[in-house]
Amino acid sequence: MKLLLHPGYLLNIASFATMVQHDILWEMEDNYQKQTYRNRCYICTDQGKQMLNIPIQHVGGNLGRQKYKDVKLDNLYHWQRQHWRSLQTAYRTSPFFEFYEDEIAPLYTTEFDFLLDFNLMAIETICDCLQTNMPIEKTKIYEEIPTAIYDARFLISAKTNAPMQQEKYMQVFTDRNGFIGNVSVLDLMFNEGPNALEYLNNQNLDFLNA
């Protein structure tokens with residue numbers, strides 16, 4: 001079954017597992033909303049779960065809602081340098097950080113203008129690392145209630161966690177914090193390496209009811 005999905009920032013494991021297990025249509029025509037995984041993700045650090053948030057340029061209230069694809073990054077904050085340092089600090093001792101470092105680093109040294117363009121490039125980069133195909137089909141119109149496709153756009157919400165029965169894997173700071181579920185797929189990739197794709201394919205996605 002084909003699923004409608006948002007391209008978020010360094011997709012979490014629930015969203016990435018959904019992507020590798022199903023045919024995906026990317027939602028490109030929706031309005032930007034705050035408090036979503038469009039511009040944030042979570043990683044695991046020695047202090048526990050940490051949010052990485054991408055700053056965006058906000059439009060004035062008189063201009064109304066802004067399309068996700070039109071949202072511009074606020075690069076005055078040097079967020080790429082900050083996020084890369086956070087990833088290095090969190091994962092430099094993980095088994096596979098050095099294995100993928102050279103492929104991930106350009107995401108944080110190349111300046112992008114639009115949030116959606118950056119997110120799509122990040123997903124494509126991770127797909128290349130995992131040797132899986134990047135979905136390329138995109139919406140051309142917005143449908144509030146999609147027809148002939150399963151709507152998985154709810155996964156972009158950061159307010160609620162997907163009720164996913166996720167298998168545990170060894171994380172860098174498991175001894176300090178226990179297992180932290182459904183963080184960015186980078187956490188899985190840096191800890192499990194080439195086994196990450198098999199892990200994603202084996203995750204139970206019954207919560208989708210798809």
Side-chain angles (χ1 to χ4, degrees), residues 2-22 24-45 48-61 63-75 77 79-80 82-83 86-87 107-108 112-127 134-135 137-146 149-164 166 180-188 200 203 205 207-210:
K2 184 173 290 187
L3 272 65
L4 184 61
L5 196 66
H6 284 292
Y9 176 39
L10 299 180
L11 289 176
N12 59 32
I13 289 171
S15 294
F16 217 93
T18 298
M19 190 197 77
V20 299
Q21 291 187 35
H22 293 273
I24 296 298
L25 176 67
W26 293 122
E27 175 60 81
M28 304 291 290
E29 299 297 332
D30 64 314
N31 288 327
Y32 179 80
Q33 297 178 28
K34 298 178 181 178
Q35 298 184 34
T36 68
Y37 292 117
R38 290 175 178 85
N39 71 321
R40 69 175 66 175
C41 72
Y42 289 94
I43 62 173
C44 296
T45 73
K49 193 174 179 179
Q50 177 184 327
M51 182 176 71
L52 301 181
N53 189 75
I54 300 177
I56 63 168
Q57 298 181 30
H58 294 280
V59 297
L63 297 178
R65 289 184 176 272
Q66 190 178 21
K67 285 283 189 76
Y68 180 16
K69 64 183 180 182
D70 295 330
V71 172
K72 289 188 174 183
L73 297 166
D74 193 342
N75 291 315
Y77 282 94
W79 63 271
Q80 288 171 292
Q82 294 169 4
H83 286 202
S86 294
L87 289 169
L107 292 171
Y108 297 96
F112 292 78
D113 292 324
F114 292 93
L115 173 63
L116 184 55
D117 291 341
F118 174 81
N119 285 344
L120 288 169
M121 179 57 68
I123 296 170
E124 183 176 354
T125 299
I126 295 170
C127 284
M134 165 76 174
E137 192 173 356
K138 302 173 183 178
T139 59
K140 294 182 173 59
I141 60 171
Y142 176 76
E143 291 184 283
E144 184 175 355
I145 303 177
I149 190 171
Y150 181 84
D151 190 353
R153 293 177 296 185
F154 66 90
L155 290 172
I156 201 67
S157 174
K159 296 179 181 179
T160 56
N161 281 326
M164 181 182 182
Q166 184 182 345
I180 302 176
N182 202 30
V183 289
S184 168
V185 69
L186 284 188
D187 183 84
L188 172 68
L200 292 166
Q203 293 313 290
L205 302 180
F207 68 90
L208 290 173
N209 294 318

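Below, all heavy atoms of this structure are taken into account, side chains as well, without hydrogens, waters or symmetry copies.
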[X] vs [Y] side-chain heavy atoms within contact, under 4.5 Å:
X: Tyr37; Y: Ser184; result: no
X: Ile43; Y: Asp187; result: no
X: Leu200; Y: Val185; result: yes
X: Ile126; Y: Leu186; result: yes
X: Leu120; Y: Met28; result: yes
X: Leu208; Y: Phe154; result: yes

Q: Begin from the C-alpha positions of His58 and Asp74 and carry the test side chain to side chain contact (heavy atoms under 4.5 Å, CB included) through to its verdict.
A: CA-CA 9 Å; His58 294 280; Asp74 193 342; over 6 Å; no
Q.
Nearest 0.5 angstrom please: Met164 CE to Gln166 CD, how far?
A.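 The CD atom of Gln166 is 5.0 Å from CE of Met164, to the nearest 0.5 Å.
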How close do [X] and [Y] get, heavy atom to heavy atom, and via which atoms?
X: Cys127; Y: Phe16; result: SG-CZ, 4.0 Å
X: Lys2; Y: Ile149; result: O-CG1, 3.2 Å
X: Ala14; Y: Asn182; result: N-OD1, 2.8 Å
X: Gly8; Y: Ile123; result: O-CD1, 3.9 Å
X: Leu107; Y: Phe118; result: O-CE1, 3.2 Å
X: Ser15; Y: Leu5; result: O-CD2, 3.9 Å

Show me the side-chain donor-acceptor pairs of residues 49-57 shorter than 3.5 Å, one per line, residues at least two apart or across chains.
unit_1 : atom_1 : unit_2 : atom_2 : d
Gln57  : NE2    : Leu73  : O      : 2.9

Is the backbone of [Y] close enough, under 3.5 Å, to the side chain of [X] for a donor and an acceptor to pair up by distance?
X: Asp151; Y: Ile145; answer: no
X: Gln21; Y: Gln203; answer: yes
X: Asn12; Y: Tyr42; answer: no
X: Gln33; Y: Ser157; answer: no
X: Glu124; Y: Met134; answer: no

Q. Parallel under 30°, tilted from 30 to 60°, perpendicular over 60°: which one fits the rings of Tyr32 and Tyr68?
A.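 Rings of Tyr32 and Tyr68: tilted, as their planes differ by 30° to 60°.
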Q: Give me the ring orientation class for Tyr9 and Trp79: parallel if the planes are under 30° apart, tilted from 30 to 60°, perpendicular past 60°.
A: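 Correct class here is perpendicular.
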Q: For the pair Phe112 and Gln80, evaluate side chain to side chain contact (heavy atoms under 4.5 Å, CB included) and give the outcome as yes or no after the intermediate values.
A: CA-CA 10 Å; Phe112 292 78; Gln80 288 171 292; 4.1 Å; yes
Q) Do NZ/NE/NH1/NH2 and the carboxylate oxygens of Glu29 and Lys140 come within less than 4.0 Å? A) no
**Q.** Residues forming a side-chain hydrogen bond (donor to acceptor under 3.5 Å, both in side chains) with Lys138, sequence neighbours excluded
**A.** none
